[in-house]
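Just so it is clear, the structure is predicted and the values come from calculations on it, not from any experiment.
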Amino acid sequence: MNNQSYDEARLLAEEATGPLAPSIRQHFALMVEQGYSGHTAYLKTYRAVDFDRWLQTVNIPLTAVDERCVALYHQDRSGHRLRPWRNELGVMRGLLVYLRANGTIAPLAVVSTYPAVDRTIEGLVHHLRHNRGLAARTIAQYGDGARDFLVDRFGTATVCLAKITATDVIEHIRRQAARKSPPTLKSVVTALRSFLRYAQYLGEAEPELVAAVPAVARWVTTPPMPRAIAPAHARQVIAHCSGASRRELRDRAILLLLARLGLRSGDIVYMKLDDLDWDNGCLRVRGKGRRECFMPMPPDVGEAIAAYLRDGRPATAERRLFLRLKAPFVGLSRSHSTSSVVKNALARAGVDTPRKGAHQFRHALAVKMMEQGASLPEIGEVLRHRSPQATAIYARVGIDALRDLVVAWPGEAA
């Protein structure tokens, strides 16, 4: 039945003669590649062909295809008492997304409230990405912080970086402090300082302006004690993913990467098939700031990945290692996808932990290394920290072990 539906959908795509005909055939081929069922591929292709036929009938050119056309098409069908498909509008919006992605129709017009500010932020983002090599998440955070400041200072007027004063900077931080928590305020300060360094790079600001950004008191922004998953809980969650279903095979490989190598969520999401070096028993990790390194592949990790590739990973041209469980079979979309895998695995195993995300496995690896006598530099090397300060928080975890080394105060009972 699935193959028959594929054949029927292929015939429909080949019969299209309107302005969308070439794109419809490409869209069908993509759906097959991404693992859509024959039934779903047929329904989506049928709707696309019907829309294409309608465009040809009402003589709407390709350059004019947008959401308004979809609304008119839906209204026209209803007016002729044709029963709409229950998910018709959703399918049509998905078609428009595909048509924009491959350049068939014009991009969605976005009207900016602050065009001058947005142009400045575009330059900042380009600088952070190509000159600084920062991670996408960091760039987004810095861009949002800078945008808030520029909107606060210039509004809809022309942005003139040379007119920014220390008073502007201090007053902005003061207003932010009135409604943000200290840890969040520290992120605001970091983003603003990064933006002013960019202005200095452009020759529009003096170093004194960067120094004018107030510092947030360290005592209120001390990182919280790392919350690591208990070793017994980690073993229970991993052991619970011992079945042969696609979900369990994929999740077991992800959980072992988290537990054995202490990888970040983003490291796993963006891992590719080309990163696996089976001959040398290692894998490439693409970390923060576009930094790459090779890490050893423990035997149980290699076995779990191999089992997922052999029996759990759908056949697709996608190069990302870990894929969605349902079509389209593409790579996991965001870093928090890994945390969702962990949260669901905890629930299935009946394990209740204070934290539900993926980072608790990373913390657990660091705590285990400290308990086994590893130094902070050694832990930082395994976790790929860029500064000793990032690793220093684990010194607080081993405080109980350090008490055994303290010499008793004279006169104190042993």
Side-chain angles (χ1 to χ4, degrees), residues 63-71 93 96-216 221 266 288-290 333-336:
T63 54
V65 175
D66 58 11
E67 280 73 10
R68 290 172 297 179
C69 294
V70 169
R93 293 189 191 101
L96 292 183
V97 170
Y98 170 77
L99 295 174
R100 288 194 173 101
N102 70 359
T104 302
I105 63 176
L108 185 64
V110 178
V111 180
S112 174
T113 307
Y114 306 99
V117 170
D118 289 339
R119 285 194 294 271
T120 303
I121 297 303
E122 286 175 6
L124 171 66
V125 168
H126 183 274
H127 170 72
L128 296 178
R129 178 180 296 120
H130 297 284
N131 297 341
R132 296 281 310 282
L134 299 185
R137 183 175 179 179
T138 305
I139 292 174
Q141 177 186 327
Y142 286 4
D144 291 344
R147 190 176 192 277
D148 289 342
F149 170 71
L150 291 177
V151 168
D152 192 11
R153 171 61 179 82
F154 296 103
T156 58
T158 301
V159 174
C160 181
L161 300 182
K163 291 183 178 181
I164 298 175
T165 65
T167 301
D168 298 330
V169 172
I170 294 171
E171 288 301 316
H172 175 72
I173 296 299
R174 183 174 296 167
R175 285 189 288 271
Q176 294 291 315
R179 59 178 183 269
K180 294 185 183 295
S181 64
T184 305
L185 183 62
K186 184 177 180 181
S187 298
V188 171
V189 167
T190 303
L192 182 54
R193 193 173 287 122
S194 174
F195 171 71
L196 293 177
R197 288 197 186 100
Y198 167 66
Q200 181 183 347
Y201 167 80
L202 295 178
E204 299 289 340
E206 297 298 327
E208 292 78 9
L209 189 59
V210 179
V213 180
V216 181
T221 58
K288 287 184 175 181
R290 299 183 179 181
S333 57
R334 300 178 184 87
S335 294
H336 70 247

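Between Glu122 and Arg119 there is no salt bridge, since none of the side-chain N atoms of the basic residue sits less than 4.0 Å from a carboxylate O of the acidic one.
For the residue pair Ser187 and Gln141, the shortest heavy atom distance occurs at CB-NE2, 3.6 Å. Annotation for Asp168 and Lys163: closest pair OD2-O, 3.6 Å, computed over non-hydrogen atoms. Here the closest heavy-atom approach between residue Thr156 and residue Thr113 is recorded as CG2-O, 3.5 Å. The minimum heavy-atom distance linking Pro214 with Ile170 is given by the pair CG-CG1, 4.3 Å. Closest approach of Pro207 and Gln200 over heavy atoms only: CG-NE2, 3.5 Å. For the pair Val216 and Pro182, the tightest heavy-atom approach, listed with the atom from each and the gap, is CG1-O, 4.1 Å.
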For Ile173 and Val188, run side-chain contact (heavy atoms from CB on, under 4.5 Å): C-alpha distance rounded to whole Å, both residues' side-chain angles, the deciding distance at 0.1 Å, then the answer.
-> CA-CA 8 Å; Ile173 296 299; Val188 171; 4.2 Å; yes

Begin with the C-alpha distance, continue with both residues' side-chain angles, and end with the deciding distance and a verdict on side-chain contact (heavy atoms from CB on, under 4.5 Å) for Leu150 and Tyr114.
-> CA-CA 9 Å; Leu150 291 177; Tyr114 306 99; over 6 Å; no

After noting the C-alpha distance and the side-chain angles of Asn131 and Tyr198, does the key distance pass the side-chain contact (heavy atoms from CB on, under 4.5 Å) rule?
-> CA-CA 10 Å; Asn131 297 341; Tyr198 167 66; over 6 Å; no

Derivation of the side-chain contact (heavy atoms from CB on, under 4.5 Å) call for Ile164 and Leu161 | CA-CA 6 Å; Ile164 298 175; Leu161 300 182; 4.0 Å; yes

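By the 4.5 Å heavy-atom criterion applied to side chains, Ile121 and Val125 are counted as neighbours. Contact of the Leu108 side chain with the Asp66 side chain is not registered, since no non-hydrogen atoms from C-beta on lie closer than 4.5 Å.
A donor-acceptor pair under 3.5 Å is formed between the side chain of Arg100 and the backbone N or O of Ala106. Asp148 places no side-chain N or O within donor-acceptor distance of the main-chain N or O of Val151, the cut-off being under 3.5 Å. Checking side-chain atoms of Ser194 against main-chain N and O of Thr190 turns up no donor-acceptor pair under 3.5 Å.
Atom CG of Leu209 and atom OG1 of Thr165 lie 7.5 Å apart (nearest 0.5 Å).
Relative ring orientation between Phe149 and His172 is described as perpendicular, the plane-to-plane angle rising above 60° on a 0-90° scale split at 30° and 60°. Between His126 and His130, the ring planes lie tilted relative to each other; the angle falls in the 30° to 60° range.
Surrounding CZ of Arg137 are at most 12 heavy atoms belonging to other residues, nucleotides or ligands under 6.0 Å away.
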